[in-house]
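Computed over heavy atoms, backbone and side chain alike; hydrogens, waters and symmetry mates excluded. Chain naming here is simple, since letters A, B, ... match the order of the sequence lines and numbering starts at 1 in each. If you're wondering where the values come from, they're calculated on a predicted model, not measured in any experiment.
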2 protein chains.
Amino acid sequence: MAAQEQYEELARQLSVVAAVRRDLGRLLPHDCSPASAVLLAQLQQYGEIRMSKLAELLAVDMSVTSRHVAYAAERGWLDRQADPADKRSRLLRITPAGEALLREVSARYTQALATFLKDWPDDDIGRLIDLLARLRESFGDCRARPSHQTHHEEAPQASAAV
Amino acid sequence: MAAQEQYEELARQLSVVAAVRRDLGRLLPHDCSPASAVLLAQLQQYGEIRMSKLAELLAVDMSVTSRHVAYAAERGWLDRQADPADKRSRLLRITPAGEALLREVSARYTQALATFLKDWPDDDIGRLIDLLARLRESFGDCRARPSHQTHHEEAPQASAAV
DNA sequence: TATTGTTATACTCTATAACTATA
DNA sequence: TATAGTTATAGAGTATAACAATA
């Protein structure tokens with residue numbers, strides 16, 4: 001159990017770090033919102049998934065996911081196919097155009113991070129990634145499942161971009 | 001210099017961790033937005049500062065800061081006094097009512113984090129806080145000052161809440 | 001009757017630009 | 001002329017609730 005000051009400081013840091021996200025968002029191509037970039041990255045990482053699964057991965061309401069998916073589909077970045085096993089569902093998959101966009105986004109993000117974090121040791125970047133992933137997991141578990149049960153996600157398909 | 005995959009993964013984690021921020025935001029009292037909470041926390045930490053300084057600390061445009069400050073001032077959570085040294089400026093300071101609100105917010109955040117992160121070692125929480133602070137600093141320096149010059153903030157006045 | 005996904009509506013946060021008042 | 005701050009406007013993101021189609 002950590003001290004109260006640690007929890008307070010963590011909450012404050014999480015708020016202010018949102019600025020870093022905004023900065024990265026400004027690097028994106030004109031018609032590609034941060035939401036589109038994250039959405040496509042998840043699709044590339046997890047392969048063919050349903051709307052509800054994508055909403056869970058993004059940790060936003062399905063209504064929000066639905067709008068962002070529609071936007072990306074209009075631009076040809078992903079496909080929506082009816083699920084033969086359940087006609088209420090639609091299976092989402094990234095298209096080659098979506099993958100090309102993701103490569104561009106990844107290149108821009110990488111260049112920016114390489115510039116800003118040029119003084120960072122690799123180990124620190126790895127540690128930060130690991131801790132953020134665990135933070136999200138600790139919260140996600142509590143949100144979805146009030147129980148103590150451990151929760152294993154399916155393994156990603158590809159090593160994925162941004 | 002880290003590998004491209006690391007930068008991509010970091011960008012993705014930063015996006016998805018936004019969900020944790022939203023979760024924390026939902027814990028706040030009805031009339032206290034996340035923006036108010038962060039703003040008051042910064043005021044408590046840095047003492048009496050100007051609008052422009054607060055905007056820099058929050059890493060948002062001054063127009064945004066101005067609106068959030070006006071909201072908090074209407075509710076008596078902070079004071080705005082004309083700066084005798086420069087009549088264009090206004091000096092901001094948190095009020096006792098603001099500090100009381102911050103204590104309440106801090107209690108809720110702490111309780112939630114203590115629950116969700118109950119399995120985390122203290123050291124990991126400390127490491128995450130440190131890395132997030134450095135991340136923000138690396139970006140903030142690049143945003144404000146394109147040079148290599150190191151940048152020393154004034155020391156905070158109090159150990160502060162949330 | 002419950003679930004998957006869509007759409008309408010409203011609210012929050014943000015940036016840009018035009019404005020004021022001081023410097 | 002430049003700077004500190006305010007306000008108006010517009011755009012992106014999100015949640016809630018009502019709805020359609022299917023299980």
Side-chain angles (χ1 to χ4, degrees), chain A residues 14-39 48-75 78-92 143, chain B residues 14-39 42 48-74 78-92 143:
Chain A
L14 284 175
S15 282
V16 178
V17 158
V20 174
R21 270 189 78 218
R22 288 199 301 278
D23 287 339
L24 284 177
R26 276 187 268 273
L27 301 171
L28 293 172
H30 172 46
D31 59 348
C32 177
S33 66
S36 294
V38 186
L39 182 157
E48 196 177 55
I49 56 179
R50 299 162 64 148
M51 287 285 319
S52 52
K53 172 69 175 176
L54 181 57
E56 181 194 322
L57 289 173
L58 299 173
V60 295
D61 192 87
M62 192 156 55
S63 67
V64 176
T65 309
S66 179
R67 275 235 322 282
H68 291 160
V69 163
Y71 180 92
E74 282 166 19
R75 278 150 193 80
L78 58 81
D79 269 339
R80 287 187 285 191
Q81 291 184 328
D83 182 347
D86 182 344
K87 284 177 186 162
R88 295 172 305 180
S89 271
R90 303 174 80 168
L91 293 173
L92 311 176
R143 180 167 40 226
Chain B
L14 285 175
S15 283
V16 178
V17 158
V20 174
R21 269 188 79 219
R22 288 199 301 277
D23 287 340
L24 284 178
R26 276 187 267 272
L27 301 172
L28 294 172
H30 173 46
D31 58 348
C32 177
S33 66
S36 294
V38 186
L39 183 158
Q42 297 287 359
E48 195 178 56
I49 56 179
R50 299 161 63 146
M51 287 285 319
S52 50
K53 172 70 175 174
L54 181 58
E56 181 194 323
L57 289 172
L58 298 174
V60 295
D61 192 87
M62 192 155 55
S63 66
V64 175
T65 308
S66 178
R67 274 236 323 281
H68 290 161
V69 163
Y71 180 92
E74 283 166 17
L78 58 81
D79 269 339
R80 288 186 285 191
Q81 290 183 328
D83 182 347
D86 181 344
K87 285 178 186 161
R88 296 172 304 179
S89 268
R90 304 175 79 168
L91 292 173
L92 311 176
R143 180 169 39 227

| request: Can you tell me the distance, in whole Å, between the CG atom of D23(B) and the C1' atom of dA15(D)? | output: 13 Å

| message | Using OP1 and OP2 only, check whether a side-chain N or O of R90(B) sits under 4.0 Å from dT6(D). | response | yes

| Which whole-number value in Å describes the distance from L91(A) CG to dT4(C) C1'? | 12 Å

| field | Listed partners of D61(B) passing side-chain hydrogen bond (donor to acceptor under 3.5 Å, both in side chains), at least two apart | value | S63(B)

| task | Please round to the nearest 0.5 Å and tell me the distance separating atom CG of L58(B) and atom CG of L39(B). | result | 6.0 Å

| request: Describe the nucleic acid contact of V64(A) in one word from base, sugar-phosphate, nothing, applying a heavy-atom distance below 4.0 Å. | output: base

| field | Nucleotide nearest R67(B) (side chain, heavy atoms from C-beta), chosen from dA15(C), dT4(C), dT7(C) | value | dA15(C)

| message | Considering every strand and a 4.0 Å limit on heavy-atom distances, what is the contact class for R80(B): base, sugar-phosphate, or nothing? | response | sugar-phosphate

| note | Result for 5'-nearest mapping on DNA chain D, choosing between V69(B) and A35(A), is V69(B)

| query | Under 4.0 Å between a side-chain N/O of T65(B) and OP1 or OP2 of dG5(D), yes or no? | reply | no

| message | V16(A): which residues meet the side chain to side chain contact (heavy atoms under 4.5 Å, CB included) condition with it, sequence neighbours left out? | response | V38(B), Q42(B), R136(B)

| Spatial distance of atom CG (L92(B)) from atom CG (D83(B)) [nearest 0.5 Å] | 10.5 Å

| Hey, is the side chain of R22(A) poking within less than 4.0 Å of OP1 or OP2 on dT14(C), counting only N and O atoms? | yes

| query | What nucleotide, of dC13(C), dT6(D), dG13(D), holds the atom closest to the side chain of S66(B)? | reply | dT6(D)

| task | Compare side-chain N and O positions of S52(A) against OP1 and OP2 of dG5(C) and report whether any pair is under 4.0 Å apart. | result | yes

Give me, pair by pair, the N or O atoms of the protein and of nucleotides 17-23 of chain C that are less than 3.5 Å apart, along with how far apart they are.
unit_1: dA23(C); atom_1: OP1; unit_2: K87(B); atom_2: N; d: 3.0

| message | With a cut-off of less than 4.0 Å, is there a side-chain N or O of R26(B) near OP1 or OP2 of dA15(D)? | response | yes

Show me the donor-acceptor pairs, under 3.5 Å and distance only, between side chains in residues 67-74 of chain B and residues at least two apart or in other chains.
unit_1: Y71(B); atom_1: OH; unit_2: D31(B); atom_2: O; d: 2.6
unit_1: Y71(B); atom_1: OH; unit_2: R75(B); atom_2: NE; d: 3.3

| Can you tell me how far P of dT14(D) sits from OH of Y71(A), to the nearest Å? | 14 Å

| message | Distance check needed: dC13(C) C1' versus M62(B) CE, whole Å only. | response | 18 Å

| request: Please state whether the phosphate of dT14(D), meaning OP1 or OP2, lies under 4.0 angstrom from any side-chain nitrogen or oxygen of H68(A). | output: yes

| field | Rounded distance in Å - CD (E74(A)) to C1' (dT6(C)) | value | 13 Å

| request: Check every strand shown and say whether M51(B) touches a base, only sugar-phosphate, or nothing at a heavy-atom separation below 4.0 Å. | output: sugar-phosphate

| request: Take atom CG of L58(B) and atom C1' of dT14(C), then tell me their distance rounded to the nearest Å. | output: 13 Å

| request: Sequence neighbours left out, what passes side chain to side chain contact (heavy atoms under 4.5 Å, CB included) with R90(B)? Give chain and number order. | output: R80(B)

| query | Rounded to whole angstrom units, what separation is found between the NZ atom of K53(A) and the P atom of dG5(C)? | reply | 13 Å

| How many angstroms lie between CE in M51(A) and CG in L91(A), if you round to the nearest 0.5 Å? | 11.5 Å

| side-chain hydrogen bond (donor to acceptor under 3.5 Å, both in side chains) partners of R22(A), counting only residues at least two apart | none

| request: Please report, rounded to the nearest Å, how far the C1' atom of dC11(C) is from the CG atom of L28(B). | output: 15 Å

